[in-house]
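Everything on this sheet refers to the single structure shown next.
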Protein chains: 2
Amino acid sequence: MSEDRWTPPSVLLAVDLVILTLRDSLLQVLLVERGVEPYRGAWALPGGFLNNSDEGLKEAAHRELLEEAGLNGSQLHLEQIGTYGDPGRDPRGRIVSVAYLAIAPGLPEPAPGTDAAGASWVPVQEVLCRRRTLAFDHYDILVDGVERAREKLERTALATAFCGSTFTIADLQRVYEAVWGVQLDPRNFYRKVQGVPGFIVATGSVRRTARGRPARVFRAGPCTVLNPPIVRPERTGTGEEKQ
Amino acid sequence: MSEDRWTPPSVLLAVDLVILTLRDSLLQVLLVERGVEPYRGAWALPGGFLNNSDEGLKEAAHRELLEEAGLNGSQLHLEQIGTYGDPGRDPRGRIVSVAYLAIAPGLPEPAPGTDAAGASWVPVQEVLCRRRTLAFDHYDILVDGVERAREKLERTALATAFCGSTFTIADLQRVYEAVWGVQLDPRNFYRKVQGVPGFIVATGSVRRTARGRPARVFRAGPCTVLNPPIVRPERTGTGEEKQ
DNA sequence: TCAAAAGTGTTCTCACTACACCCATGT
DNA sequence: ACATGGGTGTAGTGAGAACACTTTTGA
């Protein structure tokens, strides 16, 4: 505990983003193609270094969100996943990265044409199945981020962050099904979601679709913590746990 | 994404520890009395700066665990809580701190006489009730750490980390009761714990106490994830939710 | 009139709670 | 004998799964 006279080493601090959304009823993540070494040409999570010494961590995450994905931070779910600081995780030197999870409502446009032209949405399954590899330890970060999202769907109103300002219960169900990778019974889901006080509130209007009865339209309610929770069905050992 | 020619600012990286244990059937945390400015004389979580640029984050946590608490890291639960990096959280300058949660079995000796003489175990309740204040943002870190421990008791075998290598089911129950701050039915707890395959395994021997029937002795089983989980009884609104 | 999607009612099952009860020990 | 804590049996309760059924729309 002799912290006098000796100056501790300083490290470079970066922020990486796991930005999830729902597109074509699929859970997708925003990836960028790296334009510089190392891992030039490989896919990676969007991110970057802290701007200056006065920038907060979450503040930096918001800035990267805007710069690299064109997403305006306000009214967008953003939470810290964890910090990844193994020496050797970046060949450039000692770089410690704080990872954030962001949830965006399904955007109509596929990729941001703004700043990072190489950015595009990729189905999470493609990465998880190793059909597409990521730079650095970004695979681990993505896995942790997705798992975080899966957990939080159970007990928080995170699912509404995937939807726009209004949505139907079927929309919400598609979120749960895509993130969890399961099929849910629409009838039971309907009642379960309605049974959580303050989770969703009806707007009064309905939404017409191609066919079938129009669905009531809802918006996110005041409750952020779900009580009772929407419990994820347990993957009863089909043998493909780790796959 | 113009990361050429411009060199990003570096920050000082520290590691802070929330070390929890069970003493006198109370959840306690290890605190140290600060010997230097800032916050000289105040209580704080043990921690310190990274030793050098090649030291891993978890590695640094293990080192601090040994240096400040005299706890040998091996076979000791240690997991990352999160990273706290608000500018201004430390008056000395921009210091980003990665917080770790450590769980130790109840030690017979109250405080480590080793290195940091000012260290001592303090009931978590005393801090949470603001009867004892902490330096920096260590109160927030402690709250997050305790909440993490509470959550993990439900679905992982974390509770066994509070016990020694062997324990009785009543010992385990005391862990759950202390961490959650609730009372549990011993009969139902007994069966519930036994009903989780691989959670605990009987050693065959029994432990005699002052009075009553001797209890069977167990040790931690191979399973780290509890299925079915030990569900925490919900605090049915006694009105003191946020307090 | 039919298909398709929204929304409702009802049964069954299973896990958990509560508590009565038996077992093994020290005093 | 009896107090104390360990361990077992069992009925009642409540939430969720499964699924039959009704409602409302477009074609």
Side-chain angles (χ1 to χ4, degrees), chain A residues 25 153-155 159 163 166-178 180 182-197 199-219 225-238, chain B residues 25 153-155 159 163 166-178 180 182-197 199-219 226-237:
Chain A
S25 296
L153 282 196
E154 293 199 84
R155 304 184 166 274
C163 305
T166 65
F167 48 86
T168 68
I169 293 188
D171 290 338
L172 207 56
Q173 184 181 343
R174 270 186 286 274
V175 172
Y176 277 90
E177 290 184 330
W180 283 346
V182 296
Q183 290 252 105
L184 299 174
D185 184 302
R187 288 93 52 132
N188 292 333
F189 183 81
Y190 184 92
R191 261 171 312 197
K192 203 184 283 193
V193 164
Q194 293 258 59
V196 183
F199 183 14
I200 57 174
V201 296
T203 61
S205 51
V206 294
R207 179 172 297 170
R208 304 188 128 66
T209 51
R211 44 175 171 276
R213 176 174 172 176
R216 298 159 68 192
V217 174
F218 295 81
R219 56 178 175 76
V225 52
L226 269 35
N227 198 335
I230 311 288
V231 185
R232 165 166 41 161
E234 50 209 304
R235 298 207 176 252
T236 44
T238 50
Chain B
S25 296
L153 281 196
E154 293 199 84
R155 304 183 166 274
C163 304
T166 65
F167 48 86
T168 68
I169 292 188
D171 290 337
L172 208 55
Q173 183 179 345
R174 270 186 286 276
V175 171
Y176 277 89
E177 289 184 331
W180 283 347
V182 296
Q183 290 253 105
L184 301 173
D185 184 305
R187 286 94 48 128
N188 292 333
F189 183 81
Y190 184 91
R191 259 171 314 197
K192 203 183 286 192
V193 164
Q194 294 257 62
V196 183
F199 183 15
I200 56 174
V201 296
T203 61
S205 52
V206 293
R207 180 172 296 170
R208 303 186 128 66
T209 51
R211 44 173 170 277
R213 174 175 170 174
R216 297 158 70 191
V217 174
F218 294 82
R219 57 179 173 75
L226 269 36
N227 198 335
I230 311 287
V231 186
R232 165 165 41 160
E234 50 210 304
R235 302 209 175 246
T236 46

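Hydrogens, waters and symmetry mates are skipped; everything else that's a heavy atom, side chains included, is used.
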Next item on the list: Look at A/K192 and D/dA15 and indicate whether a side-chain polar atom (N or O) is within less than 4.0 Å of OP1 or OP2.
Entry: no
Using a 3.5 Å cut-off and no angle test, enumerate the donor-acceptor pairs between side-chain atoms of residues 190-197 of chain A and protein atoms at least two apart in sequence or in another chain.
unit_1 : atom_1 : unit_2 : atom_2 : d
A/Y190 : OH     : A/R216 : NH1    : 3.1
A/R191 : NH2    : A/N188 : OD1    : 3.1

dist A/L226:CG -> A/F199:CZ (nearest 0.5 Å) comes out at 4.5 Å
By salt bridge (charged side-chain N to carboxylate O under 4.0 Å, His left out), B/R232 pairs with (sequence neighbours left out) B/E147, B/E154
All heavy atoms of A/A178 vs all of A/S25, minimum pair found to be CB-O, 3.7 Å
Taken to the nearest whole Å, CZ/B/R207 to C1'/D/dG7 is 17 Å
Between CG of B/D171 and P of D/dG7 the distance, given in whole Å, is 11 Å
note: A/Q173, atom CD; C/dG7, atom P; distance rounded to Å ~ 12 Å
From CG of A/L184 across to P of C/dA6 the rounded distance in Å is 14 Å
Rounded to the nearest 0.5 Å, the OH atom of B/Y176 sits from the CG atom of B/L184 at a distance of 9.5 Å
Taken to the nearest whole Å, CZ/B/R216 to P/C/dA24 is 12 Å
| Within the distance-only criterion (no hydrogens, no angle test), does the side chain of B/T203 pair as donor or acceptor with the backbone N or O of B/V217 below 3.5 angstrom? | yes
Taken to the nearest whole Å, CZ/A/F189 to C1'/D/dA15 is 17 Å
Counting primed atoms, P, OP1 and OP2 as sugar-phosphate and everything else as base, the B/S/- map of nucleotides 18-27 of chain D against protein heavy atoms under 4.0 Å is BBB--BBBS-
B/L172 atom CG is separated from D/dG5 atom P, nearest whole Å, by 18 Å
Atom CZ of A/F218 and atom C1' of C/dG7 are separated, to the nearest Å, by 10 Å
- Between B/Y190 and D/dG6, does any side-chain N or O lie under 4.0 Å from OP1 or OP2? no
